[in-house]
Amino acid sequence: MFEGGVVAVHEMSLDVNDKEFVVLVGPSGCGKSTTLRMIAGLEEVTSGNIYIDRQLVNDVPPKDRDIAMVFQNYALYPHMSVYENMAFGLRLRKLPKHDIDDRVREAASILGIEQYLGRKPKALSGGQRQRVAVGRAIVRKPKVFLFDEPLSNLDAKLRVQMRTEISKLHQRLGATMIYVTHDQTEAMTMGDKIVLMKDGYVHQIDTPLEIYGRPVNKFVAGFIGSPAMNFLEGRIQKARGLTFVEAQDGMKLPIAKKDNARLKGYVRKELTMGLRPEDIHIAGPGAASGTKVKVRVEVVEPMGNEIFVYFSTKRDGNQYVARVRASKEPPVGKPLELVFDLSKAHFFDNETEKAI
């Protein structure tokens, strides 16, 4: 809790297993960095307890928690060489010189920065500086590594490269890592377990595939996935099975038989259907089975191996997106027939926004 009674993180309960890679992800202001700083001891915990290796650390100073933190802004000493930056913390702990040298050179070898040990930070690229910051954490051999959005200052290509490097580092060290990011791609590709947060609340803790395939509510469904899940507002009607009737356009979409049992209590009630872009296909030979829908193409984004097709239905002012195989681009402003694979649809209660 901060001044003025502002609660940054509400009743969070999280277990991080030994050697696990856990990612805290969510929009800005959701409380993920505050959570990391509380684990590190940089923020005071006003209620609840934090344990590291079964030791209560609420009142333990950061330097005695046996953690190592990698920040967004590298935090390297500009007047020191790479070697000196990595060795500095060990010298403060008064480790023998040969132990310090062994640890620094081992970390430099792991990160591929042996040739830069004599350079100053200003002579390094952004990616090399971040490697030095990670190396400074590695040499401490802590119980827990904490990463606070370490890749956000890098360009797109370097982010992908460093993402892979950190994942490989986790496997090589067999270390426990907690990683904070606002980038859902980083969360999905790096984490053994994802903690998805919003407004200080944890909405779901699960593996990447479970969060993607079985989101617990509308927020989770819309946050995870790029492009984001399409949401259609409507209600359920009963006539030879159940049908979802889209509110503005009156578009009728038959509910898959597997979903009839869980939706029969929502007949004549308003709810939201969610359909991921990859579950919408262009109609034609070889297209997946499903319900055909005529739409108007608004924007086409070729991505190389696939195409994002943004479209609207007849009278619905909302825009949706399909993620289709790269072939012939559909013409913008023209009608197009799409196939909705409704066996993959998600449904959400409009009042609670929880998944049905």
Show your working on side chain to side chain contact (heavy atoms under 4.5 Å, CB included) between Ile194 and Val25 and close with a plain yes or no. CA-CA 7 Å; Ile194 293 176; Val25 65; 3.6 Å; yes
Could you walk me through whether Arg268 and Ile236 pass the side chain to side chain contact (heavy atoms under 4.5 Å, CB included) test, one step at a time? CA-CA 5 Å; Arg268 292 187 294 276; Ile236 300 292; over 6 Å; no
Are Asp259 and Arg262 close enough, and set up right, to give a salt bridge (Lys or Arg N to Asp or Glu O under 4.0 Å), and what steps lead you there? CA-CA 6 Å; Asp259 295 324; Arg262 65 188 174 114; 2.8 Å; yes
Val144/Arg65 under side chain to side chain contact (heavy atoms under 4.5 Å, CB included): CA gap, chis, key distance, verdict: CA-CA 9 Å; Val144 185; Arg65 292 195 180 193; over 6 Å; no
Let me see the working for Glu186 and Arg163 under salt bridge (Lys or Arg N to Asp or Glu O under 4.0 Å), right down to the final yes or no. CA-CA 7 Å; Glu186 283 183 23; Arg163 202 166 71 206; 5.7 Å; no
Side chain to side chain contact (heavy atoms under 4.5 Å, CB included) for Val321 and Asn230? Distances and angles first, verdict last. CA-CA 7 Å; Val321 58; Asn230 298 294; 3.6 Å; yes
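In this structure, Asn217 contributes its side chain and Glu353 its backbone to no donor-acceptor pair below 3.5 Å.
A heavy-atom distance below 4.5 Å is not found between the side chains of Leu196 and Val202. In this structure, His182 and Pro27 have side chains that are not in contact, with every pair of non-hydrogen atoms separated by 4.5 Å or more. At a threshold of 4.5 Å between non-hydrogen side-chain atoms, the residues Leu169 and Ile138 count as touching. When side chains are defined from C-beta on, Ile255 does not count as touching Thr243, because their heavy atoms never get closer than 4.5 Å. Side-chain contact between Glu246 and Lys252: absent, with no pair of heavy atoms (C-beta onward) separated by less than 4.5 Å. In this structure, the side chains of Leu232 and Leu253 come closer than 4.5 Å at one or more pairs of heavy atoms. Contact annotation: the side chain of Arg276 approaches that of Asp279 to within less than 4.5 Å [non-hydrogen atoms, C-beta and beyond]. In this structure the side chain of Asp349 never reaches within 4.5 angstrom of the side chain of Leu271, judged on heavy atoms.
Using modelled atom types, one finds no donor on one side chain facing an acceptor on the other under 3.5 Å when comparing Asp341 with His281. Using modelled atom types and a 3.5 Å distance limit, the side chains of Tyr74 and Asn153 yield no donor-acceptor pair. For Tyr201 and Glu11, the side-chain atoms include no donor-acceptor pair closer than 3.5 Å. For the residue pair Tyr179 and Asp148, no side-chain donor N or O sits within less than 3.5 Å of a side-chain acceptor on the partner. Side-chain contact annotation: Thr272 with Glu233, donor-acceptor N/O pair under 3.5 Å present. Between the side chains of Gln72 and Ser152, at least one donor N or O sits under 3.5 Å from an acceptor N or O.
Rounded to the nearest 0.5 Å, atoms CD1 (Ile224) and CE (Met229) are 10.5 Å apart. Note that OG1 of Thr352 and NZ of Lys218 are 11.0 Å apart. Values are rounded to the nearest 0.5 Å. Separating the CZ atom in Phe347 from the CE atom in Met273 is a distance of 3.5 Å, to the nearest 0.5 Å. One finds the CD1 atom of Ile50 at 10.5 Å from the CG atom of Asp59 (value rounded to the nearest 0.5 Å). One distance of note links CE of Met162 with OG1 of Thr164; it measures 10.0 Å at 0.5 Å rounding. From Lys264, atom NZ reaches atom CG of Leu242 across 9.5 Å, with rounding to the nearest 0.5 Å.
Using the six-membered ring where Trp is involved, Phe147 and Phe145 have ring planes that are parallel, under 30° apart on the 30 and 60° scheme.
Both Leu24 and Leu42 sit in one connected hydrophobic cluster of ILVMFWY residues. Membership requires side-chain heavy atoms under 4.5 Å apart, directly or through other members. Linking ILVMFWY side-chain heavy atoms closer than 4.5 Å, directly or via other members, places Phe348 and Leu275 in two distinct hydrophobic clusters. Under a hydrophobic-cluster definition in which Ile, Leu, Val, Met, Phe, Trp and Tyr are linked whenever side-chain heavy atoms come within less than 4.5 Å, directly or via other members, Met69 and Val180 are assigned to the same cluster. Taken together through direct or relayed side-chain contacts under 4.5 Å among Ile, Leu, Val, Met, Phe, Trp and Tyr, Leu90 and Leu173 form part of one hydrophobic cluster. A single hydrophobic cluster is seen to contain both Val132 and Leu151, as judged by linkage of ILVMFWY side chains at heavy-atom distances under 4.5 Å, directly or through other members.
Heavy-atom minimum distance, Ser81 versus Glu84: N-OE1, 2.8 Å. What you find for Leu154 and Gly127 is that their closest heavy atoms are CD2-N, 3.9 Å. Closest of all the heavy-atom pairs between Ala187 and Thr181 is N-CG2, 4.2 Å. Nearest heavy atoms, Pro150 versus Val70: CB-CG1, 4.2 Å. Counting all heavy atoms, side chain and backbone alike, Ile307 lies closest to Arg325 at CD1-O, 4.3 Å. Between Leu336 and Pro330, the shortest heavy-atom contact is CD2-CB, 4.0 Å.
Around atom CZ of Arg214, no more than 12 heavy atoms belonging to other residues, nucleotides or ligands sit under 6.0 Å away. Annotation for Leu92: atom CG counts as buried by contact number, over 12 foreign heavy atoms lying within 6.0 Å. Atom CZ of Arg93 has more than 12 heavy atoms from other residues, nucleotides or ligands within 6.0 Å. A 6.0 Å sphere centred on NZ of Lys258 holds more than 12 heavy atoms belonging to other residues, nucleotides or ligands.
A salt bridge does not link Glu337 with Lys294: none of the charged nitrogens is closer than 4.0 Å to a carboxylate oxygen. With respect to the salt-bridge test (charged N to carboxylate O, under 4.0 angstrom), the residues Glu306 and Arg323 qualify. Using a 4.0 Å cut-off between a side-chain N of Lys or Arg and a carboxylate O of Asp or Glu, Asp155 and Arg159 do not qualify as a salt bridge. Using a 4.0 Å cut-off between charged nitrogen and carboxylate oxygen, Lys143 and Asp53 count as a salt-bridge pair.
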Could you list the donor-acceptor pairs under 3.5 angstrom formed between side-chain atoms of residues 12-23 and any protein atom two or more places apart in sequence or on another chain?
unit_1: Asp18; atom_1: OD1; unit_2: Thr176; atom_2: OG1; d: 3.4
unit_1: Glu20; atom_1: OE1; unit_2: Asn17; atom_2: N; d: 2.8
unit_1: Glu20; atom_1: OE1; unit_2: Lys193; atom_2: NZ; d: 3.3

Show which side-chain atoms of residues 296-304 pair as donor or acceptor with protein atoms under 3.5 Å away, not counting sequence neighbours.
unit_1: Arg296; atom_1: NH1; unit_2: Gly333; atom_2: O; d: 3.0
unit_1: Glu298; atom_1: OE2; unit_2: Ser312; atom_2: OG; d: 2.7
unit_1: Glu301; atom_1: OE1; unit_2: Tyr310; atom_2: OH; d: 3.4

Identify every side-chain donor-acceptor pair in residues 106-121 under 3.5 Å, counting partners at least two apart or on other chains, and give the distances.
unit_1: Tyr116; atom_1: OH; unit_2: Gln128; atom_2: NE2; d: 3.0

